[in-house]
4 protein chains.
Amino acid sequence: MSRTAGRPRRAGISRAVLDAAVELVARDGYRATSLDDIARASGVAKTTVYRRWESKGALVAAALLDRLGDLPGVTGESDLRATVAWLAGAASRPDVHALLLGVLAETTDSELRSELRAQVRAPFVAALAQGWGVDAESAATAFDLVVGTLLFRSAGSEPVERRLVTDLTDLVVGYLVDQRRGT
Amino acid sequence: MSRTAGRPRRAGISRAVLDAAVELVARDGYRATSLDDIARASGVAKTTVYRRWESKGALVAAALLDRLGDLPGVTGESDLRATVAWLAGAASRPDVHALLLGVLAETTDSELRSELRAQVRAPFVAALAQGWGVDAESAATAFDLVVGTLLFRSAGSEPVERRLVTDLTDLVVGYLVDQRRGT
Amino acid sequence: MSRTAGRPRRAGISRAVLDAAVELVARDGYRATSLDDIARASGVAKTTVYRRWESKGALVAAALLDRLGDLPGVTGESDLRATVAWLAGAASRPDVHALLLGVLAETTDSELRSELRAQVRAPFVAALAQGWGVDAESAATAFDLVVGTLLFRSAGSEPVERRLVTDLTDLVVGYLVDQRRGT
Amino acid sequence: MSRTAGRPRRAGISRAVLDAAVELVARDGYRATSLDDIARASGVAKTTVYRRWESKGALVAAALLDRLGDLPGVTGESDLRATVAWLAGAASRPDVHALLLGVLAETTDSELRSELRAQVRAPFVAALAQGWGVDAESAATAFDLVVGTLLFRSAGSEPVERRLVTDLTDLVVGYLVDQRRGT
DNA sequence: TCATAAACGAGACGGTACGTCTCGTCTTTAC
DNA sequence: GTAAAGACGAGACGTACCGTCTCGTTTATGA
């Protein structure tokens, strides 16, 4: 029996679609970007997109994960501050904001959100909890502090300034240190 | 001299529409609530809604402002903690979340967002800056910390627990105190 | 109790509204002309229009009658040919076409049509029947021949040429003469 | 090589929509029939209707052409009278009247009318001119005489009686014979 | 080599919502 | 009591988008 009966999926397609999704959504916003737009921009038929992702929301969620995957990640960070700073850096990128807002807006489907939480927040929280001795709830709060604040700032169509990122990082690091002591 | 030529707008309409908008959006989400639904629920023709608000997004933004107006506001608070706690309380309400998320996610129209900033964040920031001796930027950061974090938490379809609100309030108060000293 | 209680009807209103109706409908067509347009163009409130005519169709019908009244009419014509020629002349005017087409095409209201028939076709038919010794049915056919043909020609957005009018007149006169003899 | 890329249009749809359009417009009139009604009656989504015809007017024009196509047509008629009689018969049908009036009312768009002229009047005029030796202008006049008169009579919400049709046919045949001789 | 199986492009389709446009009515103030 | 101004209800219009479907065509594997 063959694992791969039939015509194999063309190589570059997912890459092209994800990139187009990121670019268009980052530029025009989730709502203003139609799936036809994305398909056209990536030179692919709409059918093909739907064969790989089950909805527009799922595609954008995948694009978001893909983009976050570009970043080094929390693994192997030498200290707490670097870990938090990495998160703040990731959450400062405008493309990430646009994608994330889109996913949050596609709200009825809570599966998507759960999956995002599972794939992004959970690992971060786990790493923080195990690596730095804080309880999971505090770690989750730290995550939401960083991402929520930066996302909200950018959603207000204000640029995210460096000072905000630094202040936020300091604050959250302080919070986590306190939590560790306090426990 | 006529301040009001022509038939006056019927009294209860705006109230009924705004209430219906809040209720439906809070229950079903922005996307799943159509303007026809809102009009029907408030016993008004769709035309009438569009005569008063220029789009669905504008209506929901107005509904949000209206709801926030219900809250006592920062005026006359006796201390910094109470001020921040008020904001955290407001930002913890699920109806506020649904409305805000709708406005942020579903519209490219940056006018709407600017207006929201002007009408909600600006007064708070001004009050904080003048009343508690912090610079405007720090006050804005405090606002975004509180609202952004709580909104993001709730958008992840997790309930906002009391501890989060308390921790957040403490944290932000601490931040503001530091900023005041530091200056 | 005064005979003239209340504000008297302003003098020129009906005139202005009818003229505006003719002008706009002749230029843009019945459908493309809204009652608000007519009211605006005649410097009158829409309410005022509806106080005098019960619908858009009725207004346009009135405007049509008004325009036909401008014409000398059938009365006192010295011979059959002149009578028919007068009708053909009236039915050749593009403003009459636009108005008539509007009334015929855009309204299910058969009262309007009956009234038009009563006020325009009936007198003509009566005059023809009594003056030239043809039966009413033949006279009616003659009317429809002239008006129907010219209206249809112009509705096809083709100009009504002089030859058509002459041919038509000859034809109808011939028809009527035959009918008289035949009886 | 694919003559038809993509999913083919479903077979019965145009048929069903045109039939529904004829039925509803003939029964209720152009104005009182909405496109949603037509779509619903033919078991098709409104979108699908708009994919095939660009407006309500265009759809009704197509329905009219379709109905006229049902008729035997002028081809192969053995004598002039039969030809004219065929036209008079076609122009006596109430469904044809309702459709035609609708198209004429949708007036601003003169493309529709031109197309109708091209597809219906032009062939008839050509056949008449070539087959019976009259000039095109006379043939066109004959066409307008028949159709215009009958349409106008029926638009006056009077039934079209047999005598009118016969008289009209005689008259037009006479006219054409004269034109042939006269030339 | 030839059948089977899946991917792909293209576009039709159903359904839902949007925001606009009229018509004709209703409700005020001003004259 | 008429006029002006404009809100209101009702409902059609045409557009946009989503996600599904149905084809014809291409590209692999396995008998």
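Here is how names work: the chains are called A, B, and so on, in the same order as the sequence lines, proteins then strands, and each is numbered from 1.
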Q: Check whether any side-chain heavy atom of C/V49 lies under 4.5 Å from a side-chain heavy atom of C/I38, and answer yes or no.
A: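 Answer no - side chains too far apart.
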Q | Sub-4.5 Å side-chain heavy-atom contact between A/V17 and A/R52 | A | no
Q) What nucleotide among F/dA12, F/dC18, E/dC13 has an atom nearest to a side-chain atom of D/R10? A) E/dC13
Could you state the [atom1]-[atom2] distance from [X] to [N], rounded to the nearest angstrom?
X     : N      : atom1 : atom2 : answer
D/R31 : F/dG11 : CZ    : P     : 15 Å
A/R52 : E/dA6  : CZ    : P     : 15 Å
A/L35 : E/dG11 : CG    : P     : 17 Å
B/W53 : F/dA7  : CH2   : C1'   : 13 Å
B/D37 : E/dG19 : CG    : C1'   : 16 Å
A/I13 : F/dT26 : CD1   : P     : 16 Å
C/Y50 : F/dA4  : OH    : C1'   : 16 Å
A/R9  : F/dT29 : CZ    : P     : 16 Å

Under 4.0 Å between a side-chain N or O of [X] and OP1 or OP2 of [N]?
X     : N      : answer
D/K56 : F/dA12 : no
D/R7  : F/dT20 : no
C/T48 : F/dA4  : yes

Q: Quick one: label D/R51 by what it contacts on the DNA or RNA (base, sugar-phosphate, nothing), any heavy atom closer than 4.0 Å.
A: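 Base, at least one base atom sits under 4.0 Å.
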Q. When we call it a touch if two heavy atoms are under 4.0 Å apart, what does A/R40 touch: a base, just sugar-phosphate, or nothing?
A. nothing
Q.
On DNA chain F, compare the nucleotides closest to D/D36 and B/G43; which residue's is nearer the 5' end?
A. B/G43
Q: Would you mind telling me which residue lines up with the more 5' stretch of DNA chain F, D/P8 or D/G57, judged by nearest nucleotide?
A: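 Taking each residue's closest nucleotide, the earlier one in sequence belongs to D/G57.
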Q. Any donor-acceptor pair under 3.5 Å between the side chain of C/K46 and the base of E/dG24?
A. yes
Q: May I ask you to verify whether the side chain of D/T47 and the base of E/dA12 hold a donor-acceptor pair under 3.5 Å?
A: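 Result: no qualifying N/O pair found.
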**Q.** Atom of D/L151, atom of D/L104 and distance for their closest heavy-atom approach
**A.** CD2-CD1, 4.0 Å
Q) Looking only at heavy atoms, what is the nearest atom pair of C/A62 and C/W53, with distance? A)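 Looks like CB-NE1, 3.4 Å.
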(Q) Checking D/K56 now: which residues fulfil salt bridge (Lys or Arg N to Asp or Glu O under 4.0 Å) with it, not counting sequence neighbours? (A)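 So D/K56 forms no salt bridge (Lys or Arg N to Asp or Glu O under 4.0 Å) with any residue.
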Q: Tell me, please, which residues at least two apart from D/R10 pass salt bridge (Lys or Arg N to Asp or Glu O under 4.0 Å).
A: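 D/R10 satisfies salt bridge (Lys or Arg N to Asp or Glu O under 4.0 Å) with no other residue.
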Q: Please say which of A/L99, A/L18, A/V22 ends up in a side-chain contact (heavy atoms from CB on, under 4.5 Å) with A/D66.
A: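 Filter result, single survivor: A/L18.
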Q | Candidate list C/L65, C/V103, C/L101, C/L100, test side-chain contact (heavy atoms from CB on, under 4.5 Å), partner C/V60, passing option | A |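 For C/V60, the side-chain contact (heavy atoms from CB on, under 4.5 Å) check succeeds only for C/V103.
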Q. To 10°, what angle do the rotation axes through the five end pairs on each side of the helix from E/dT1-F/dA31 to E/dC31-F/dG1 form?
A.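 Here the helix ends are tilted 10° relative to one another.
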